[in-house]
Structures are given as C-alpha cells and as structure tokens.
Amino acid sequence: MDLIDIHPPTNRPTQQDGRPDPALPSFRLAARMAGLKPSAIREILKVTESPSVISFAGGLPAPELIPVSAISRAAQATLARDGEGALQYGPTEGHAPLRAWVCDQVRATAGLQASPDQVLITAGSQQGLDLVAKVLIDPGDVVLVDNPAYLGALQAFRAYEARLVGIPADGEGMRADRLREFLQTGGRRPKLLYLVPNFQNPTGSSLSAERRREIALVAAEFGIPILEDDPYGCLRYGGEAAPAVAALPETADCVYLGTTSKILAPGLRIAWLIARDPRLYERLVRAKQAVDLHTSSFSQRLVCSYVTQTGVLEGHIARLCAAYSLRRTAMLNALERAFPPGCTWTRPDGGLFVWAELPAPVDTEELLREAVRRGVTFVPGAAFWVGRSVRNTLRLNFSNASEGRIAEGISRLAEAIAACPGARP
Ligand SMILES: Cc1ncc(COP(=O)(O)O)c(C=O)c1O
C-alpha cells in the first residue's frame with residue numbers, strides 16, 4: 001500500500017480544484033521538525049556493529065558487566081510474586097515501592113531529601129528531559145545549557161523549539177560569572193538552566209561544590225529553575241563527591257533526574273524525575289500520560305526486585321567503578337603515549353567520557369572518516385556545541401572496550417590523526 005493512502009483524503013494537500021495534488025507530499029511535517037537533526041551518535045553507532053571496529057562512540061555500559069543472570073533471577077521472581085501486576089497497566093507516577101526506593105537512593109548518593117509523591121518514574125532520563133521540555137518550553141523560549149552539552153538534551157529542547165544559549169565552561173564546568181553576565185544583559189528571561197554537575201557528557205568534567213553553590217545562587221537570584229541531570233554521579237573513580245545542586249539550600253527551583261541506565265542496564269529504561277513543586281509535578285504526570293500512560297510495569301518491578309536486595313546494587317556499582325577506573329586509566333595512558341603534541345584532553349574523576357581537543361586545523365568529522373577506515377570510531381565534537389561549533393574536538397567513551405582494545409583503538413586513532421592535514425604542529 002502506498003503511504004499516501006493512509007491519510008484520509010480531507011487531510012491531503014489540495015489543488016485549486018480542491019482535489020488532492022498527487023505531486024505534493026501527503027505528510028506535511030510540523031515546523032518544529034525543522035530544527036531536529038538525527039543524533040550524530042546514533043548515526044555513528046550504526047557503523048560500529050562489526051566486531052573488528054573499536055568503538056569509543058556510544059555511552060554504552062560494558063556489555064560483559066551487565067548482570068544478566070541476576071536480572072534474569074529478578075525477572076523470574078517478579079513474575080512469580082506479582083505476575084499480574086507486572087503485566088498490567090499501572091499508575092502514571094510509577095510503582096510505589098520503586099518510588100520509595102528512589103528516595104532512599106538519592107538521599108544516600110546525592111544528599112537529596114525527597115518524598116515518594118515527588119518522584120515520577122520515567123522511561124529513561126531522556127523521557128524526563130522531554131517531559132520537562134514539553135511542560136515548560138514554548139517556541140522561542142531561552143534554555144541555558146553547558147557548552148558543549150549533552151546532545152540528547154539539546155535534541156529534547158530543540159524539539160520544543162527552544163532557543164539554546166550555551167554558557168561557557170572551564171575545567172570545573174559551567175562558569176557562574178558568565179552565567180551572571182548573560183542574565184544581566186537582560187532580554188527574555190530564560191525558562192530553564194540545564195546542568196549535568198557530575199562527569200558531564202561530553203567533557204567528563206564536574207562542577208565543584210563551590211561552583212554548584214555559585215550557580216544555584218545566580219539561578220535563584222534571576223528566578224531561573226534548574227534541570228539537574230545526574231546519570232553518572234555513582235560512577236566515581238577519584239576526587240570528592242559534592243551534593244546534588246537540587247540538595248543545596250541556595251537552590252530555589254529544581255527538577256532532578258536520575259537513571260538506572262549507567263549503573264544497571266539501559267535496556268530496562270527505568271529512570272526517575274524528582275519535582276518538589278506539586279503543581280509542576282502534576283503537569284509532568286499529565287504530560288507523561290499523553291506520551292505512554294506509564295513506564296513498563298514489568299521493568300519497574302524487576303528493577304525494584306533487583307535494587308531492594310541488600311547490598312546487591314552497591315556491589316554491582318563497586319564492580320563497575322573498579323573496571324571503568326582501569327579503562328579510564330588505560331585510555332589516559334594510551335592518549336599520553338600515542339597522541340601527537342598539540343592535543344589536549346580531560347582527565348575525568350568518573351563517568352564514561354574523555355573529551356579531547358586536537359590542533360585547530362583538524363576537523364574531527366573528516367578525522368572520523370580516516371578513523372573508520374582504520375576500524376575505530378568516536379563522536380566528533382561539533383554536534384555538542386551550541387552556537388559556533390569547535391570542530392577540532394571529539395568525545396571518547398572508555399567504558400565499552402577492554403583495556404587492550406582501548407590501547408589498540410587509541411593508537412589507530414593516532415594514525416588517523418597523523419593522516420589528517422594540519423595535525424602536525
Ligand atoms: C547526560 C545524560 N542525560 C541523560 C541520558 C539518557 O539516559 P537514559 O538512558 O536514562 O535515558 C544520557 C545518556 O547517555 C546522558 O548522558
């Protein structure tokens with residue numbers, strides 16, 4: 001059947017005589033789709049499927065560390081204990097025992113006090129980003145973001161036609177002085193300030209405790225709510241933990257997002273959003289109802305069954321941190337050994353990414369072609385920037401390959417750089 005036939009004739013573009021014009025497309029896209037590009041990462045992931053390719057592209061957990069047997073046992077226990085509940089529709093807000101566990105978890109890991117009626121279980125924190133954007137952003141509204149920033153958040157905000165403004169960062173993340181400077185210039189009051197304070201994607205950098213307070217104070221002074229996205233806070237391999245921005249007394253209005261994707265299994269799609277403002281929470285619930293009614297009842301119960309066993313998740317996270325810490329060190333050592341002079345990179349205390357800057361003439365989108373020819377991939381930095389792209393930057397993931405493959409991949413990448421015009425100082 002031709003796709004065009006799916007549309008009722010009344011919705012078809014018409015000619016002057018009122019009949020549908022077969023030369024015109026039947027599906028006419030909403031204006032908001034104009035700003036929505038395919039994710040650079042998802043496109044690259046398509047070429048990384050061959051086992052010979054070493055991928056530093058996605059933010060994927062190590063496949064061999066996903067606790068498949070334990071998850072399988074939790075799935076069986078869930079079906080045996082409450083099969084009907086697990087396979088039935090459920091409340092939009094989420095499975096009550098899981099929401100209670102989220103409160104314990106964020107108190108222990110982020111110093112955040114929350115009650116279950118402030119917790120909304122979402123299908124990944126990507127859905128949390130979408131819901132917050134859907135509820136708050138009108139076309140043309142300003143959203144302040146890190147620069148560079150997490151691509152999935154940029155996509156979510158762009159889908160609602162936000163005007164994105166990147167606030168410059170230094171080694172400690174977003175600069176509070178530059179945030180204040182921007183807000184003092186007047187103009188339209190931003191709707192939202194988006195932050196990833198722990199091991200940010202793509203740079204791996206973290207906001208110091210002091211910087212968190214400064215940013216929270218500026219945001220409160222100018223009446224800008226914060227959207228804090230924290231998928232990596234539990235993956236720490238060094239340095240001192242700082243409390244969540246949402247937990248600071250300086251913070252006025254904040255929505256906090258957490259997820260099991262990086263600490264358990266992204267395929268389960270279980271995450272949470274914490275909104276203290278009851279009116280906002282209620283709107284977020286309504287928005288979710290319109291999207292998917294509720295997050296998978298089965299996944300929620302399965303995760304609940306896994307995480308509420310004493311010490312099991314903590315033990316798993318400790319194993320992840322031990323393995324990822326070695327992989328991070330392997331990547332930093334390999335970069336030191338193989339990358340040519342003139343390159344710089346971050347040294348993150350946690351998370352999944354290193355961010356590198358090459359000598360300015362190197363365009364990392366061109367470098368990617370050379371790299372793929374040599375069997376290695378990464379994400380060119382251009383897509384993460386808001387405004388002017390810095391095209392000699394790239395993101396490297398270190399969680400998804402063994403230490404040996406990381407060393408091999410970085411030396412292949414160094415060869416690709418050497419083959420790029422302008423790479424030598
Ligand atoms: C900063 C950030 N936020 C949100 C997400 C989405 O995570 P989830 O799998 O929970 O949707 C990611 C995934 O990489 C991320 O890096």
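For the numbers below, each heavy atom of this structure counts, side chains included, while hydrogens, waters and symmetry mates do not. Each ligand, and each atom within it, is numbered from 1 in the order the structure gives. Quantities reported herein were computed from a predicted structural model and do not represent experimental measurements.
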Side-chain H-bond candidate by donor/acceptor type, Asp277 with Gln118, under 3.5 Å: no
Geometric class of the Phe199/Tyr237 ring pair [parallel <30°, tilted 30-60°, perpendicular >60°]: parallel
Any Ile226 side-chain heavy atom under 4.5 Å of Leu195 side chain: yes
Please tabulate, one line per pair, the protein nitrogen or oxygen atoms found under 3.5 angstrom from a nitrogen or oxygen of ligand 1, with distances to 0.1 Å, or say none if there are no such pairs.
from	atom 1	to	atom 2	distance (Å)
ligand 1	3 (N)	Asp229	OD1	3.4
ligand 1	3 (N)	Asp229	OD2	2.5
ligand 1	7 (O)	Ser125	OG	3.4
ligand 1	9 (O)	Ser261	OG	2.6
ligand 1	9 (O)	Arg269	NH1	2.8
ligand 1	10 (O)	Ser125	N	2.7
ligand 1	10 (O)	Ser125	OG	3.0
ligand 1	10 (O)	Thr259	OG1	2.7
ligand 1	10 (O)	Ser261	OG	3.2
ligand 1	11 (O)	Ser125	N	3.1
ligand 1	11 (O)	Gln126	N	3.0
ligand 1	11 (O)	Arg269	NH2	2.8
ligand 1	14 (O)	Tyr232	OH	3.3
ligand 1	14 (O)	Lys262	NZ	2.9
ligand 1	16 (O)	Asn201	ND2	2.8
ligand 1	16 (O)	Tyr232	OH	2.5

Gln200 and Thr203: side chain donor to acceptor below 3.5 Å: yes
Verdict with reasoning, Tyr256 to Trp272, per ring pair (Phe, Tyr, Trp, His ring centres under 6.0 Å): CA-CA 8 Å; Tyr256 175 91; Trp272 48 90; 8.1 Å; no
Check against side chain to side chain donor-acceptor pair (under 3.5 Å), Gln300 and Thr295: CA-CA 7 Å; Gln300 290 191 68; Thr295 301; 4.9 Å; no
